[in-house]
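Encoded as structure tokens, the structure appears first; notes follow it.
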Amino acid sequence: MHTLLFAAILTAQADPLPVVTPWFLSRNVEEGPAFMIECRNTTGAPISSGAMFWALDQDDFRINGTQLEPRGRMGPGLMTEIPPGGTWRGIMELRQAEPRTGYAVALGADTRGALVVPLAPGRHTIAVRCGDDAWSADVPFYWER
């Protein structure tokens with residue numbers, strides 16, 4: 001039994017999926033929902049938080065199971081080194097119209113960006129991929145204008 005538990009822990013550590021957490025701030029909730037995205041440095045070397053490894057292009061997002069068309073990248077934001085096994089964090093806003101303002105990086109995130117993704121009121125899901133082809137779980141969220 002201990003061997004199976006140890007193997008499960010090693011598998012979980014060797015292939016970590018990105019984590020997406022809904023993140024709302026009262027001053028911009030009218031503009032759209034936001035999410036904290038966390039990605040693990042799965043390489044054996046430090047990687048700058050501004051490196052292309054972390055570049056979240058628009059096609060690295062799925063909304064309601066549909067991958068977005070490529071249009072640009074998120075970042076680079078603040079420049080720090082993410083050690084092997086360390087976590088890179090980015091805040092992504094799903095704006096309902098072209099952004100007129102940008103907000104500062106907060107809550108320990110390395111970068112913050114916005115995508116224009118018009119949402120109908122109701123239940124939606126979001127998933128992301130970071131650095132490789134591993135997608136996060138679909139995270140449900142609700143939107144109302």
Side-chain angles (χ1 to χ4, degrees), residues 1-96 98-119 123-144:
M1 180 164 150
H2 292 294
T3 304
L4 289 176
L5 179 60
F6 182 69
I9 291 171
L10 283 179
T11 301
Q13 289 176 348
D15 189 26
L17 297 177
V19 175
V20 180
T21 306
W23 183 76
F24 297 92
L25 186 66
S26 62
R27 73 173 181 217
N28 72 352
V29 73
E30 307 83 29
E31 296 168 350
F35 303 87
M36 179 71 79
I37 300 165
E38 298 178 284
C39 301
R40 181 80 40 99
N41 178 355
T42 57
T43 72
I47 301 176
S48 169
S49 62
M52 288 301 291
F53 182 84
W54 309 114
L56 291 176
D57 295 316
Q58 190 150 340
D59 64 338
D60 291 321
F61 290 87
R62 285 191 316 228
I63 304 296
N64 301 324
T66 301
Q67 192 170 344
L68 300 180
E69 294 293 321
R71 283 191 22 206
R73 74 175 281 239
M74 178 178 172
L78 305 175
M79 303 294 272
T80 60
E81 291 290 312
I82 309 298
T87 301
W88 173 93
R89 291 176 183 83
I91 298 170
M92 178 52 69
E93 300 169 22
L94 299 183
R95 299 281 182 103
Q96 301 306 288
E98 286 296 327
R100 287 181 259 152
T101 59
Y103 298 107
V105 174
L107 301 174
D110 296 296
T111 191
R112 185 170 181 165
L115 298 173
V116 177
V117 182
L119 297 168
R123 184 184 188 278
H124 300 278
T125 60
I126 184 172
V128 302
R129 66 178 170 190
C130 304
D132 56 19
D133 292 331
W135 286 90
S136 70
D138 283 325
V139 175
F141 67 99
Y142 291 84
W143 173 248
E144 181 178 301

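Model, not experiment: these values are computed from the prediction.
- In this structure, Ile47 CD1 and Trp88 CH2 are separated by 12.0 Å, a value rounded to the nearest 0.5 Å.
- Considering Val117, Leu94, Leu119 as possible partners of His124, the one that fulfils the side chain to side chain contact (heavy atoms under 4.5 Å, CB included) test is Leu119.
- Here Met92 contributes atom CE and Met36 contributes atom CE; the two are 12.5 Å apart, rounded to the nearest 0.5 Å.
- Between atom SG of residue Cys130 and atom CZ of residue Arg40 there is a gap of 11.5 Å, rounded to the nearest 0.5 Å.
- Not counting sequence neighbours, the partners of Gln67 by the side-chain contact (heavy atoms from CB on, under 4.5 Å) test are Asp59, Arg62, Arg129, Trp135.
- Remark: side-chain polar atoms of Ser49 are paired, donor with acceptor, to backbone N or O of Thr80 under 3.5 angstrom.
- Closest of all the heavy-atom pairs between Pro33 and Gln96 is CD-NE2, 4.4 Å.
- Remark: Thr21 OG1 to Ile126 CD1 distance equals 11.0 Å, nearest 0.5 Å.
- Between Ile82 and Asp110, the shortest heavy-atom distance links the atoms CD1-OD2, 3.9 Å.
- The side chain to side chain donor-acceptor pair (under 3.5 Å) search around Thr43 returns Asn41, not counting sequence neighbours.
- Of the inter-residue distances, the one linking Thr125 atom OG1 with Ile63 atom CD1 reads 7.0 Å to the nearest 0.5 angstrom.
- Residues Ser136 and Leu17 approach most closely at CA-CB, 4.5 Å, considering heavy atoms.
- Applying the side-chain contact (heavy atoms from CB on, under 4.5 Å) criterion to Pro46, with sequence neighbours excluded, gives Glu81, Pro84.
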